[in-house]
Amino acid sequence: MAQLAQVIVDVPTMQTNRPYTYQVPTRLENQVKLGMRVVVPFGNGKRQVQGFVVGLDQPTKYNGQLKAIDALMDLQPVIGDELLRLSKWLADQTYSFWISSIYTMLPNMLKAKSTRVVKIVDEVDERVTFDVFHGKDELDFATVQSNPQIVSLLLKLQKRGKVRFEYVVADKAKAKTTVGIRPQLNFEELEEARTSLHANARAQNRLLSYLQSIVGKTIKQADAERISGLKAATFNTGVQKGWLTKVPIEVYRTPLGQEPLPDDHHLAKPLALNDEQQAAADKIEQAIDDSQSRVFLLEGVTGSGKTEVYLQSIAKALQNHKTALMLVPEISLTPQIVNRVRRRFGSKVAVLHSGLSAGERFDEWRRINRGEAQVVVGARSAIFAPLTNIGVIILDEEHESSYKQDEAPRYHAREVAKWRGKYNDAPIVLGSATPSLESRARAMKGVYQLLQLKHRVNKRPLPPIKVVDMRPEIKERGESNFSRELLTKLTDRLAKNEQSILMLNRRGFSSFMMCRDCGEVLKCPNCDISLTLHMDSHTMKCHYCGHEEPIPRFCPHCGSREIRYYGTGTEKVERELTSLIPQARIIRMDVDTTRRKGMHEKLLRQFGQHQADILLGTQMIAKGLDFPNVTLVGVLNADTGLGLPDFRSSERTFDLLSQVSGRAGRADKKGEVVIQTYNPDHYAIQFAQKNDYEGFFKREMTLRHQAGYPPYYFTVRLMASHEDEAVAARAMAQIKEQLTKSLMPSTIILGPTPRAIARMKRRYYYQIVIKYKQDQYLHSLLQKILQETQSKGKNDVQISIDPDPQYFM
DNA sequence: AGCACGCCGACT
DNA sequence: GTCGGCGTGCTC
């Protein structure tokens with residue numbers, strides 16, 4: 001019988017980042033369990049917050065009077081043993097608050113909203129009642145918080161005992177319900193009711209018969225109407241006569257495009273595997289059978305049938321009465337891949353992606369939590385799906401940088417997967433055509449087991465790739481996004497009624513407004529970057545802080561009218577393409593045209609139905625798309641990423657070009673790829689042209705070795721920010737001193753340097769990058785630095801730590 | 001985060 | 001003399 005409970009409260013600060021001990025009141029005895037949400041008093045006054053039970057009956061050194069838990073928010077724990085442990089590990093690994101790592105694992109709906117309400121408890125001035133309280137006797141404090149006059153007025157009234165501040169912890173988690181009907185009488189009583197009916201009350205008579213057939217059951221009213229053929233009005237009469245009652249029935253929200261498959265739906269059969277696939281599948285399935293928590297790197301060229309190996313591994317796990325988790329990068333979480341999994345495993349599948357509403361996400365989460373779904377497909381955060389007894393975890397496109405969250409907690413889904421694999425004694429499958437250097441290097445060392453698929457399933461060669469040097473093109477024809485060669489091929493496809501995909505590599509691109517007379521570039525007043533033109537809203541926007549201003553007609557610096565937009569945006573390319581090939585029908589896909597929910601799918605569907613000849617887009621079109629009629633893929637600017645100060649820029653360029661090349665000639669028709677570049681001799685482009693991952697890997701490893709980058713070193717990035725640049729710089733210099741003193745001599749400390757975007761949201765940023773092979777002091781030292789520099793207000797230096805950063809910029 | 005306690009300037 | 005500014009420290 002639990003007397004005490006250790007609770008992590010929803011106050012994300014360094015000082016409160018530890019469990020607090022509460023008493024379990026007698027009325028809640030035997031009900032409080034690990035992983036439940038509770039409402040607890042915290043701090044002075046009547047403040048209440050949400051918390052999570054992370055321990056029971058552990059002794060406490062606290063000498064003060066313990067407070068008691070106010071209420072339970074759940075009947076069943078929302079976090080099981082595995083995820084509770086994982087949340088602690090995650091907080092430790094990513095240097096974040098325990099409460100934050102708990103919340104990243106749960107759907108947003110489980111985060112209760114804590115509101116402050118001001119209540120009138122005694123007669124107050126009529127004008128106050130009217131003006132401030134709008135005639136009501138209570139007020140949501142959040143609505144007046146920003147008005148200092150009202151705030152001080154309310155505080156005065158509080159002192160005089162006229163009003164009281166109260167806290168309300170409101171749970172947002174609501175299950176959607178529909179009306180259900182339930183017979184109130186038993187069979188005989190219903191029969192009895194029939195005798196008192198008028199002879200012509202035929203509908204009521206039928207209702208009674210129907211109710212007799214469902215005694216003791218609860219049926220959705222919609223279903224009842226359909227089955228019985230009776231109208232809603234008849235059921236209402238039944239309620240009036242006391243024959244039946246209406247009760248809410250909990251139902252799941254149905255995400256668009258995720259409608260349940262019909263009951264008689266035939267699940268798709270597994271496809272036959274070729275020898276390579278079979279060999280890989282055998283190894284994975286053996287590990288599933290033996291409950292081995294090893295890691296496989298499944299390296300397979302585009303079209304080599306990795307997905308089928310995934311699906312059969314999942315089938316194996318299910319066959320062993322276990323569950324399976326499959327992660328896909330958000331960008332390739334397309335209906336195509338999702339449908340393939342659902343056709344194979346039907347209603348066992350739950351899908352988690354960013355397009356779901358909060359309610360839909362919550363419902364999918366509950367289906368998984370209740371064990372109603374045994375297969376989960378989702379993007380990064382789906383790695384926290386509340387599956388139990390996992391048999392296999394798959395990460396498709398494991399090299400994708402989107403598996404690393406770029407805000408706190410800065411976790412990498414691959415590392416979380418490995419943790420869960422160990423906990424569940426389940427193998428991990430990392431799949432990619434172009435594995436990350438880290439993973440491939442581990443496979444070479446034997447840490448992971450390498451499984452290779454070297455041949456395409458359809459035995460077709462990969463499409464030939466033509467690299468076009470844009471330098472002479474520009475010299476001869478002036479500024480253009482299209483080489484003659486690409487234009488010729490596009491026109492040719494048009495004539496043959498075939499389709500083309502054009503990709504504009506936007507990585508690292510800044511489009512900006514510049515004055516042709518004085519060279520002034522329009523910049524964000526808060527951040528250190530140029531503003532981007534958004535034609536949909538006709539404004540200039542800052543991508544970092546969201547600042548927005550009208551498009552200027554005159555240069556704000558010199559007043560000249562010659563202020564123009566620079567940078568290769570998709571819109572501009574579309575305009576050029578329209579003027580070059582007026583008869584071509586173009587679909588443009590970029591952030592602007594796909595912002596609205598469902599637009600992404602809609603545009604792809606239109607293209608799939610050949611409502612356009614050319615699909616023009618940014619990186620988002622590079623992955624997973626499979627259009628049989630596409631025979632030409634063009635990359636307009638292959639090298640924009642190469643000049644970036646990022647040690648992974650070659651790797652990313654190689655990946656991107658390899659991915660996009662795989663989009664051509666998926667079916668019977670022959671495909672071809674055109675890559676336009678200003679760096680035709682760059683090794684990333686050369687190796688991509690030859691489809692030579694092995695060559696690229698060796699070359700890039702040599703360079704990483706020379707420069708001391710991953711995978712030869714582990715890295716951590718420390719960032720400090722302050723409103724005053726000098727303060728941020730000084731804080732970092734101090735930290736560097738501390739690091740140098742305490743870390744191992746083999747550890748390399750770079751910086752401090754101002755970040756590439758030195759100012760963001762009115763703060764200046766400095767960073768230090770630590771490179772190490774093995775350093776036993778590092779982790780605890782970083783924890784200590786965080787403790788010491790814990791910021792209390794906006795006037796303090798803010799420190800953040802990014803383990804294994806994706807970018808150093 | 002939110003709240004109280006506490007120590008210095010401009011006011012009924 | 002007091003009201004209230006926000007720096008500091010604590011929350012089981």
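Letters A, B, ... are given to chains in the order of the sequence lines, protein chains preceding strands, and every chain is numbered from 1.
E250(A) and T177(A) form no side-chain donor-acceptor contact under 3.5 Å, judged by distance and modelled atom types alone. Side chains of Q3(A) and D57(A): a donor-acceptor N/O pair is absent below 3.5 angstrom, by distance only. Side-chain contact, Y411(A) with D804(A): no donor N or O sits under 3.5 Å from an acceptor N or O. Residues E725(A) and Y766(A) bring a donor and an acceptor atom of their side chains to less than 3.5 Å of each other.
Here the two rings, on Y103(A) and F97(A), have centers that are 6.0 Å apart or farther.
Nearest nucleotide to the side chain of T13(A), out of dC12(C), dA4(B), dA1(B): dA1(B). In the set dG2(B), dC12(C), dA4(B), dC12(C) carries the atom at the smallest distance from any side-chain atom of T21(A). When the nucleotides dT11(C), dA1(B), dG2(B) are ranked by their closest atom to the side chain of K67(A), dT11(C) comes out on top.
If you measure from atom CE of M14(A) to atom C1' of dG9(C), you get 17 Å, rounded to the nearest angstrom. To the nearest angstrom, P of dC12(C) lies 14 Å from CG of L4(A). The CZ atom of R116(A) sits 12 Å away from the P atom of dA1(B) (whole-angstrom rounding). Separating the CZ atom of R18(A) from the C1' atom of dC12(C) is a distance of 8 Å, rounded to the nearest angstrom. Between D10(A) atom CG and dA1(B) atom C1' there is a gap of 9 Å when expressed in whole angstrom units. The distance from atom CD of E166(A) to atom P of dG2(B) is 17 Å, rounded to the nearest whole Å. If you measure from atom CZ of F141(A) to atom C1' of dA1(B), you get 13 Å, rounded to the nearest angstrom. A straight line from CD of Q15(A) to C1' of dT8(C) spans 11 Å, rounded to a whole angstrom.
The salt bridge (charged side-chain N to carboxylate O under 4.0 Å, His left out) check on D775(A) picks up nothing, with sequence neighbours excluded. Not counting sequence neighbours, Y765(A) has no partner by the ring-ring contact (aromatic ring centres under 6.0 Å, His included) test.
In this structure, Y62(A) counts as stacked on the base of dC12(C) under the 5.5 Å centre distance and 30° plane angle limits.
Less than 4.0 Å separates DNA chain C from no heavy atom of any residue of residues 31-40 of chain A.
Distances shown here put a side-chain N or O of Y22(A) below 4.0 Å from the OP1 or OP2 atom of dC12(C).
When heavy atoms are screened at a 4.0 angstrom cut-off, P19(A) is found touching no nucleic acid atom at all.
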